[in-house]
Amino acid sequence: MTFLAELAINGALVGLMYALVASGIVLVYKSSGVVNLAQGGFVMAGAYLVWAYIARLGLGLIPGILAAAASMGALGWLTERLALRRMIGQPVIMILMLTFGLEVVLRGAVPGALGADTKPMPIPISQAPVWLGDILINRTYILGGAVAVVMVALLAVFFRTRAGIAMRAVSDDHLAAWAVGIPVERTVALSWAVSGAVAAVTGVLWGAVQGVDWSLSLLLIKALSVAVLGGLDSLSGVVLAGLIVGVFESVISGYVDPFVGGGTREVVAAVVIFLTVLIRPYGLFGREVIERV
Amino acid sequence: MRRWVYWVLVLVLAAGLAAVPALAQQKVITFGFPVDYTRVYVFVAEEWTQGMVDYLTLMNLKGGVGGYTFDWRVVDTGNEPQRGIEAYERFRREGATIFNFISTPVSNAVAPRAMEDGVILLMPFHGRSDAADGQTFPWLFSLGANYWSQATVIVQHILEAEGGNLRGKRIGLVHIDSPFGREPIPVLEELSRRLGFEFQSFAFPSPGTEQSATWAQVRRFRPDWVLLWSAGPSQSVGVREAIRNGFPLDRLVSVIWLDEKDMNIVGAAQARGVKRFEAAVPGREHPVVQEILQKVYQEAGKGFGKIENVGSTYYVVGIASVAPVVEAVRIAVERFGEPVTVDKIRAALEMVSNFDLNGLMPPITITPQDHEGGGMGRISQWDGSRWVPVTDWMSAFRDVVWEMVYKSSAQFRQGQ
Amino acid sequence: MGRGTEPVVRGATAALEAVAPSPAGFHGFDAPTLVGLVLYNAQHFGNRVALREKDYGIWQEYTWADYARHVVEMALGLEALGFQPGDALLILGDNRPRLYFGMLAAQLLRGIPCPMYPDAIPAELSYIARRVGARFALAEDQEQVDKFLSLSEGAESLSCILYDDPRGLSMYDDPRLISCDRLQALGREYGREHPGVVEQRVGAISPDDIAVLLHSSGTTGNPKGVPLTHRQALAAVRNAYTAGYFGQGEDIVAYLPVAWVGDFTFSVAAAAALRFTVNIPERQETVLRDLREIGPTLYFAPPRNWDHMLTHVQVRMEESGRLQQFLFKKLIPLAVELERERLNGRRPQGLLGLWRRALRWLGEGLIYGPIKDHLGLSRVRHAYTAGEAIGEDTFLFFRALGVNLKQFYGQTENAALTAAQTDDEVKLRTVGRPLPGVEVRISETGEVLLRAESLFSGYYQNPQATEAAFVDGWFRTGDAGQLDEDGHLIILGRVEEVVTTATGVRYVPQFIENQLKFSPYIKEAAVIGAGKPYLTAIICIDYDAVGHWAEGRGVTYTSYADLSQKPAVYDLIGEVVRRVNAQMPKELRIRRFVNLHKEFDPDDGELTRTRKLRRNVINEHYAGVIEALYGDAPQVEVAARIVYEDGRAGVIQRALQIRQVEDGP
Amino acid sequence: MFYRECGVRHTTYAADRALAVIPFERALLVLLIVLAAAAPWIVTDLFLVSYLTPWLIWTAAVLGLNLLMGWAGQIHLGYGAVMAVGAYTAVHVARAGAPFVVAVAAGGLVAAVIGSLFGLPALRVRGLYLAMSTLALQVIVDWILVQVPAISGGAQATLLVPRPHIFGIPLVTDQARYWTAAVFTLLVALFVANVRRTDVGRALIALREKDYAAAVIGINVFYYKALAFFVSSFIGGMSGAALAFLYYRAVTPEQFGLNVSIMAVAMVIVGGLGSIIGSFFGAGFILLAPIWIEHGLRELAAALSVHISPSTLAHLPLVIYGGLITGFLLLEPLGLAKLYDNVRNYLRVWPFGYTKK
């Protein structure tokens, strides 16, 4: 039982961290209907920047993270400004491919400039375990899960602000938003900037878990799964989806692995996605017929 | 804007296309190092290649071997087989006769070609473990303990640490879920039958940056020893999970892929006690490394990479993986005379005997049957700042290893 | 015979032997009738393509066997409906295979095919219908059927209206309507019931039967009927063939009106005698595009079409890329220069000549060839123009491209073929030598007189006109002309067009008008001056060319009328007028001109259907403008009468600018 | 300039829709085929082995994917898995002693069956959701490949591919392999080109535009979607097998991983959705550009004697390559095929600036 609980709790926390990556995707999707395949690259770049600001420039931890978040926000804004805005009206698959191209650029530019070898994320989290009775919980995950919840909550609050409401309006209907005087382009750019900043924070957490190198960009796949499962345009959906994916992966692989003698983790996630799509085609909380293919 | 992009494209592609293979010069032996700089082997490629190239540079600075100097071609393959094949075909036409891809998928994909073309393919610590079988794979050379040998050496160390009796002990294998990660399983199963320990494997999927569920299972197994079988970022994650789960680190033994940087990511102090398999002596004390530092870096300024890398774990692996070839060239000139051809080098490689580069690596003896060279290695331990050897060079359970080798190579021959 | 399973047609072939006994030599001249030639072709060349029509997006082909079968079936159908020898068959519509079949079917029955211009108005139709006492009519489609049905006066005799395209006609219940499909079905049935009838009919045709009844364009008054017999039509073809004017088996385009003599001579007579493949475009609007697909080997177009093509090329070149424009501007003048020298008998000499020839060769690949290809002219062996004088620029441009463009001269009365330039003797100002078999003489008054086997024998039921048209057995063409020292004919204009100003200066307005119209910006021009102290002009700008020119200079405009009154446009046209003036003697210079707010329009009677000016109409319509041209006012108010689509008429007031270009003597 | 269209007329609809209606293009096609056949004597064997052969086979694969993505409008992120199924099936069948052609066909067939499973979600979802579910299936297939040693070939997870024979003639030389690949790709290209011209092709296009609308006009959406997945997977499977036999000569799971699926999609998009010639361009670009950029940069750095650390030098090509993908999409969202079309149109209307109809 404790085994199950431990798997479930750790899984849930990891799932929340997935959800944090996915929230960056959702944010952009909500405002512009674009799925950003470069979100993994953003996370990696964010982590690299945090590392560089702290280890190379000697900034403190918090200033380093803030500076990185600001830089990533600028990068997100520039991405929208220079690339995505020119693709308005193109088929979804083209825009997907464009963001994929960005991902490739980031994966080359960032490690190429800052060094490809794995770097430690200089945040002081003790490796000592947190014991909850017999249950062991990873401190980084606790922090990660907490940050994820806070960030998603902040984002939810953000959507109640003026800019946030504008963003929701834009997500509903570009033209109508335009008609009532909402600066659609600026709003979309803002969502990219926020998503960039979120990626920086995500990068810190995941960098602390696995070290900083190019493989952070691989988080994209997991984040994409979570986002789709959640329904792509729902923040609460993303949180729930993250929890589901995290818990299922953890629990099922915990019980099944010994029998099949292999890591079933990814397959479990894949099966979850596959079944969801078959049963609930638009994710858990997604609006129906929102795809624009 | 539009034109600018077109021109860049045209220029770069044209330059790539126009890169005409230069004819090999006289009395030069060319190595091909199409390695994975950008993907899975990022963690090792830079230092390893640097070690290989710096050693060859040193040889050149010292006037070459038997009148022969060395040349090399380096390119990134991104761990993609088709890019590896392209680089192989290109470098081969540029005169390269000895290859090291530092990538298992690429090495394995190129192996059939190399054997057809008669080109030496080095596979130290990657590629096919059964390349040890020189009869089946005349052109492939492991030149170092393959993963089966590494597993036996580690078990031998555990056996010694436990006072020669493993009956009733539990040994777990935490491995990445890939062919590489699963490779030691049959050996460990065989050894568990022989030595009476209980064995269980725990897989985590690639890229292995999230192992909490795996380690929860490990904890349930309550192992006495854990073998860590992965590479790259997942290694530090694994060590961390071990720490968190309260597993004693001096009972955690890693495959060869664990180095100083991994320890720093975990936290150099926190990681104290972790053990690993070692196939070359890290550090800058060894005379050869000293010589490289002095001649290649300080005097000639021809170092291939960052000077900080010199003497790192993977750097010395690099030296150890070309040194026997250089030795073979020396033997070829001595025994077969000029001109030295790839066939002669191959034959000479099989005559390399008890070569240990003044103690930088375990003594290696290659025969036409044994392309692994004895499968020796040692266990070292992280003392918080550096790796300290805890055993001598050794090999163990050779019969188990060879059984695996022959089984696997037989399978290969079947498909031929 | 291709599809000779049908007894009707098999019967016809037997009878044919009697009509066209000997294919020795050039068979066309041994077989004296057109319909006989078609049947001959069907027998000997049954699988060759005779007609091609673009329909439903592809080229539907008719072999000679198909051709003959359709002709015979239609003829028998007509006979079944009571068509008698001497009956006229009115034919109305754009070029369609069925219309040609119908023409030959009428010939087979010794009837009189009477093709008419498809844009003819009911008044014209009823005049002709009354003159020929037509009982049968063949219409292309609903539009033309409607015209026949609307005829009341003069067409009481019309008892049977055949139509080709049934679209839109299913609900018509007029008993006179019969579809061609039904007609042919009737014909097949009739043929079965009357075996041997085809042979009889074929045997009965005489070469001196009327093969077609055309109507002269009638610049003045009502049209006059011009009957041409088989013998005359074929003689014209022979003359042209002997002169190397036609080859055998040419690919030609049938896009000019069926009622025009040229179409009859080319698409029916020559096609039958020389086994042309006649290609019919999908619609009038698609002619240019279809032309490219056809790639004719023999191509005729009136000068205005050539001008239009040149304008088209120039306009599109202006919109083209810099490289293309550069090449065009370098290579075209070179080719034009070389061609001019060639026509003047000079060949490029020396190194420079070699260099220019090399450039010419290069240009063929880069510019000339592609342009010819776009225009559909790359396979043309013979290209002709006639009807009026062609501008030197246009003429030289196409010859420079490598199109063997030549002029010829003819009239309806002589089956269109009187004189033509030959390959070796192309002179800019002449229309070439009279064809072999045609005698040409210039009367004392300067009028061109003709005598030829191809010449018609007299106007249809109009002895008065016939009397007036002949003098001593010579036909009076009504054209003023002269023969040069090489025997080439130079046409100056219509005899009656020679006009005299108040100061006694004689000139041919058309000649000056043509000079003006050689500019791409001027579509029509009327030079005024008869009985006036000096010359003035009414100009109709070319909407496309000037509009494009205006767009290139940022001149905004809303309509033709608006554009025509822009000062910048006046400057542009003024420049053209000045250039023409520069080539004229002082007393023939245009002093003032006006840009008209609309084009001259055949529907208003200002132009004939062949787009010749009707001066009297113009003088009448624009009396106010003309008056102002001879005053001092800088502008004039016009009351423009316009006819709406629904037939109502309205009046619009407009102010037209008048521009002075030349001071008085 | 070279396109001469005067006198090109069609007397049947079949001729009107022929593959190459303009004589120049027909000549070009013949020339290309002749050049392709003569390639072994024209290009260096490095070029033949390293570029032409894989490029052609990849093109065949991309044509299959393009059939699905470009014509039927279904996104597929698991094409690599389909190719893997084809490759592994073919290799196992061949190892069991079947001839090469049979093995490839078997690979295609099994891939088609399994690939049709990928299409199951397509019956319910479109766009991103379909992308994700196919991606999920890619993960599942990958996992099975790696997990089952009987499939992947034992501990080394490398299966040596038996030497292919065609009608008893062993394909040992590089030339023979190349020719086989060329013929294979030609056949696939002809097939796909002809599918486009049939009612099936038009039904697929209707599906792509709007499947509801297609259903309304009487197209059996279910059937055609399944058919599209089946046919595309069949081609993908055969291409995977061809890659294994004619190029890799040994199969490993890495040869058909998720990155390969993404690469295939990139080939389709960069080449141009729904374009046959674009498939050739896209495959060539995505496959060869990274390689040539890499070598090009290396040569440039050497020529300019700039010392760049090997790791940085290895990452630069990624930047350029990703930048090119991005740049192309920004400048020419319709892909390389559109670029080709631009050139073609430029020459077709030469010396004019545009087509006026």
Side-chain angles (χ1 to χ4, degrees), chain B residues 1-2 5 8-9 11-19 21 37-38 42 45-46 49-50 74-76 78-83 85-90 92-93 104-105 108-113 116 128-130 177-180 182-183 186 205 304-306 404 407-408 411-412 414-416, chain D residues 44-46 49-51 54 58 91 95 143 146-147 149 152-163 172 243 247-255 259-260 287-300 303 309-311 313-315 317-318 320 323-324 327-328 330-332:
Chain B
M1 170 73 180
R2 188 178 282 249
V5 173
V8 167
L9 174 76
L11 201 72
V12 172
L13 290 187
L17 199 58
Y37 267 117
T38 49
V42 158
E46 192 177 342
T49 315
Q50 194 177 343
V74 181
V75 79
D76 173 40
N79 205 32
E80 288 176 27
Q82 95 263 1
R83 284 176 69 182
I85 290 172
E86 189 271 345
Y88 165 79
E89 296 285 351
R90 176 186 285 246
R92 191 165 68 80
R93 284 164 179 79
T104 296
N108 287 358
V110 172
R113 288 167 193 261
E116 263 178 45
R128 305 186 64 92
S129 289
D130 56 6
D177 197 15
S178 71
F180 149 64
R182 275 196 303 276
E183 228 174 316
F304 191 67
K306 288 181 284 193
M404 294 299 306
K407 210 172 108 189
S408 175
Q411 250 175 354
F412 177 88
Q414 210 177 29
Q416 230 169 3
Chain D
T44 60
D45 52 347
L46 168 69
V49 174
S50 300
Y51 308 134
W58 266 108
V91 171
R95 281 168 81 108
W143 187 78
V146 176
Q147 286 306 316
S152 67
Q156 300 300 320
T158 307
L159 266 181
L160 197 66
V161 177
R163 205 163 262 172
V172 276
L243 269 182
Y247 179 60
Y248 284 133
R249 307 190 213 168
V251 282
T252 67
E254 290 85 359
Q255 288 161 354
N259 58 327
V260 174
L287 192 72
L288 304 180
I291 293 171
W292 287 352
I293 290 170
E294 173 94 36
H295 288 295
L297 278 180
R298 211 160 282 278
E299 297 293 321
L300 276 181
S309 98
S311 172
L313 198 55
H315 282 88
L318 274 178
I320 295 179
L324 280 175
F328 263 128
L330 281 176
L331 299 178
E332 206 54 88

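The sequence lines fix the lettering, A, B, ..., with proteins before strands; numbering per chain opens at 1. Just so we're clear, the structure is a prediction, and the values are computed from it rather than from any experiment. Worth knowing before you read on, the calculation uses all heavy atoms, side chains too, and leaves out hydrogens, waters and symmetry mates.
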Can you find a pair of side-chain heavy atoms, one from B:P179 and one from D:V146, that are under 4.5 Å apart?
yes
At a 4.5 Å cut-off on heavy atoms, which part of B:E46 comes close to chain D: side chain, backbone, both, or neither?
side chain
Would the distance check show the side chain of D:R298 and the main-chain N or O of B:V74 forming a donor-acceptor pair, the cut-off being under 3.5 Å?
yes
Is chain D contacted by the side chain of B:E116, its backbone, both, or neither, given a heavy-atom distance below 4.5 Å?
side chain
What's the spacing between D:T44 OG1 and B:R93 CZ if we round to 0.5 Å?
7.0 Å
Could you walk me through whether D:W143 and B:D177 pass side-chain contact (heavy atoms from CB on, under 4.5 Å), step by step?
CA-CA 9 Å; D:W143 187 78; B:D177 197 15; 3.7 Å; yes
Choice from D:P317, D:A303, D:S311 maximising heavy atom contacts with chain B below 4.5 Å:
D:S311
Using a 3.5 Å distance criterion without hydrogens, assess whether the side chain of D:E254 forms a donor-acceptor pair with backbone atoms of B:E80.
no
Any D:S50 side-chain heavy atom under 4.5 Å of B:R90 side chain:
no
So which heavy atom on D:R95 is nearest to which on B:Q411, and how close?
NH2-O, 3.6 Å
Nearest 0.5 Å, please: how far is CG in B:D76 from CD1 in D:I291?
11.0 Å
Which one of D:A250, D:S309, D:P310, D:P54 has the most heavy-atom pairs closer than 4.5 Å to chain B?
D:P310
CD/D:Q255 to CG/B:N108 distance, rounded to the nearest 0.5 angstrom?
9.0 Å
Highest number of heavy-atom pairs under 4.5 Å with chain B: which of D:V91, D:L159, D:L287, D:D45?
D:D45
Report which part of B:Y88 has an atom under 4.5 Å of a heavy atom belonging to chain D: side chain, backbone, both, or neither.
neither
Identify which part of B:D130 has an atom lying under 4.5 Å from any heavy atom of chain D, answering side chain, backbone, both or neither.
both
Side-chain heavy atoms of D:L243 within contact of B:Q82, under 4.5 Å
no
Apply side-chain contact (heavy atoms from CB on, under 4.5 Å) to the pair B:R182 and D:Q147, showing each step before the final yes or no.
CA-CA 10 Å; B:R182 275 196 303 276; D:Q147 286 306 316; 3.6 Å; yes
Is there a donor-acceptor contact under 3.5 Å linking the side chains of D:Y248 and B:R113?
no
Let's test your reading of the structure: which of B:G305, B:S178, B:S129 forms the most heavy-atom pairs below 4.5 Å with chain D?
B:S129
